[in-house]
> 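Sharing a structure, written as structure tokens. Questions coming.
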Amino acid sequence: MPQSITAAQLKSIAGSGARADLIAAIVRGWPNAVAKAGLTSRLRAAHFLAQIMTETGGLSILEESGAYRAARIMEIFGVGRHSAAVTEAEAKRIAALPVAQRGPVLFNRVYGVGNPTKMREFGNTGPNDGWLYRGGGMMQATGKSNYAAMAKKTGLPLVEHPELLHQPDSAFMAAYLEWAQDGRCNAAADRDDVVEVRRIINGGRNGLAECRKYLAKAKQALADYAAAPAAFVALDPVADQAAVVPDPAPPNVQPLDPDVQGDPILFDVQRRLKARRYSPGVIDGRWGSGISGALSGFMNDRGKPLTMPASVEAFHGIADQVRAELAAAEAENWYRPVSEARAAADPKVVSQLAPEVVPAKRNFLTALWGSIVAGVGAVWDTVTSYVSEAWDFFTDHRDVVDDHPGLLSTAWSYVAAVPSEVWWLAGAGGLAFIAYNSWRAIKTSTLSVQTGERQ
């Protein structure tokens, strides 16, 4: 097959958290990527995609949000780990800020004027440069100097408008131009050296384990990727800039499902929380107490609590962080943790959390025994009717009454003509149906308690 990429292949590599707009941008721009970055072999294409997947959390984010908890801040920027040398007290103070303030404060502290080392390295001399030129794009460029270098490669005014690097099409263009800059990435990919490719792109081994996983998936997805000549479509920086001018609407506004009526990003999060056994209420893309509780429970159980927003608009401020954590949970096959008593469906725990199980059990037992009795009655009636007929035959005492009944009497005669065992069986079937539905209700409620979905 030709050197092309499909949305299905990208989804199989990225996982369920992949944004539709990022997938579409890669498919759209792939011919240019092949021609400009030399992605003419399966190994090159697989390594390139593995790096993109690692940097974007499986095509779920295009920019650093900065909405980290204190432990995560210390892990990345703490004393002995980063030139910023953030102290534990600082990390706690920053993590306690509202989400909208946390990112700017953190990145100006670690990438900007709050960290002279990085300020000089990145040229982030403006008071808000650390935030403006935070990690962005599909290769996560960081710092004003790197945005300026990327601007020269792409022809886009990324210094004047750094937000352009956070748009799907320009982010992908920047990624393949970064890959192609000096030929080192393709050379390492040809050797299938994932460690060296990671070092070139990231500067070290951060994310190497994730990158290996994405690489394995990419090699499998691109099994039929074949070498073929590719024609490069000349870039028009002015037209491209106009095409990717930031939209005031939140990212990923394409509906994820034709039935979605609310916010598509929130709809996606609701659906994925439900799969992790956190009940968000009705999955409709609308903010409410159900999704707030489910989201809070999920992030707390993952050890990354955050301040819950009060609206869909505020939710978009933490959406990238939430979706990245969901992607991590999905990759780990992680589900809501439950206690041993819950997992074992302890009757006391089940009855406390799902009180409807108690009357359902009574209905189940009553209907079950009723159906058994009715079934036995049908069998008994069938047997005794044959005995009675035999007795009448031998004694010749059957009474025959020749009368002319009215309408009601005629109707009743038809009802009476139905063998009684049929009525017994009908009753047994009805009671069995009630027993079955009661049993299903018990199983459903018990399972929701066992998995932790029922709180």
Side-chain angles (χ1 to χ4, degrees), residues 15-19 58 60 67 69 99 250 252 255-361 363-364 437-455:
S16 60
R19 281 169 42 179
S60 65
R69 60 191 177 93
V99 172
N252 195 23
L256 301 177
D257 186 291
D259 296 326
V260 178
Q261 296 179 357
D263 182 85
I265 300 179
L266 184 57
F267 177 89
D268 176 57
V269 168
Q270 287 174 325
R271 176 179 57 81
R272 294 165 68 188
L273 282 171
K274 178 74 173 179
R276 297 299 104 193
R277 297 171 182 164
Y278 290 84
S279 179
V282 178
I283 300 178
D284 56 3
R286 292 180 172 85
W287 188 262
S289 58
I291 178 60
S292 179
L295 186 54
S296 176
F298 171 74
M299 294 302 283
N300 275 314
D301 287 345
R302 293 288 292 176
K304 299 180 179 179
L306 46 75
T307 303
M308 282 298 106
S311 66
V312 172
E313 292 74 19
F315 162 75
H316 280 285
I318 62 169
D320 282 347
Q321 181 186 3
V322 170
R323 297 178 78 191
E325 194 58 40
L326 278 167
E330 289 160 351
E332 298 166 11
N333 199 31
W334 183 93
Y335 293 91
R336 185 173 205 157
V338 296
S339 65
E340 291 184 7
R342 272 176 175 264
D346 181 273
K348 291 182 179 179
V349 175
V350 174
S351 61
Q352 287 174 357
L353 297 176
E356 72 276 6
V357 167
V358 176
K361 284 183 177 179
N363 293 341
F364 167 70
N437 278 282
S438 297
W439 173 81
R440 284 190 62 186
I442 294 168
K443 293 293 290 183
T444 300
S445 297
T446 302
L447 182 62
S448 68
V449 171
Q450 283 181 286
T451 60
E453 188 172 341
R454 184 69 173 271
Q455 292 297 299

> Once you round to the nearest 0.5 Å, how far does OH of Tyr278 lie from CZ of Arg272?
14.0 Å
> List the atom of Ala329, the atom of Arg302, and the distance in Å for their closest heavy-atom pair.
N-NH2, 3.8 Å
> Is Arg276 reaching over with its side chain to a backbone N or O of Leu326, donor-acceptor style, under 3.5 angstrom?
no
> Identify the heavy atoms of Ile283 and Pro280 that sit nearest to each other, and give their distance.
CG1-CG, 4.1 Å
> If you round to the nearest 0.5 Å, how far is CG of Asp301 from OH of Tyr335?
15.0 Å
> Side chains of Arg286 and Gln270: closer than 4.5 Å at any heavy-atom pair?
no
> How close do Glu330 and Ser16 get, heavy atom to heavy atom, and via which atoms?
OE1-OG, 2.9 Å
> To the nearest 0.5 Å, what is the distance between CG on Leu295 and CG on Leu273?
6.0 Å
> Which class fits the ring pair Phe315 and Trp287: parallel under 30°, tilted 30 to 60°, perpendicular over 60°?
tilted
> For Val269, does its backbone N or O pair with a side-chain atom of Arg323 as donor and acceptor, under 3.5 Å?
no
> Using every non-hydrogen atom in the two residues, find where Asp320 and Ser60 come nearest and quote the distance to one decimal.
OD1-O, 3.7 Å
> How many angstroms lie between atom CD of Glu325 and atom CD1 of Ile318, to the nearest 0.5 angstrom?
12.0 Å
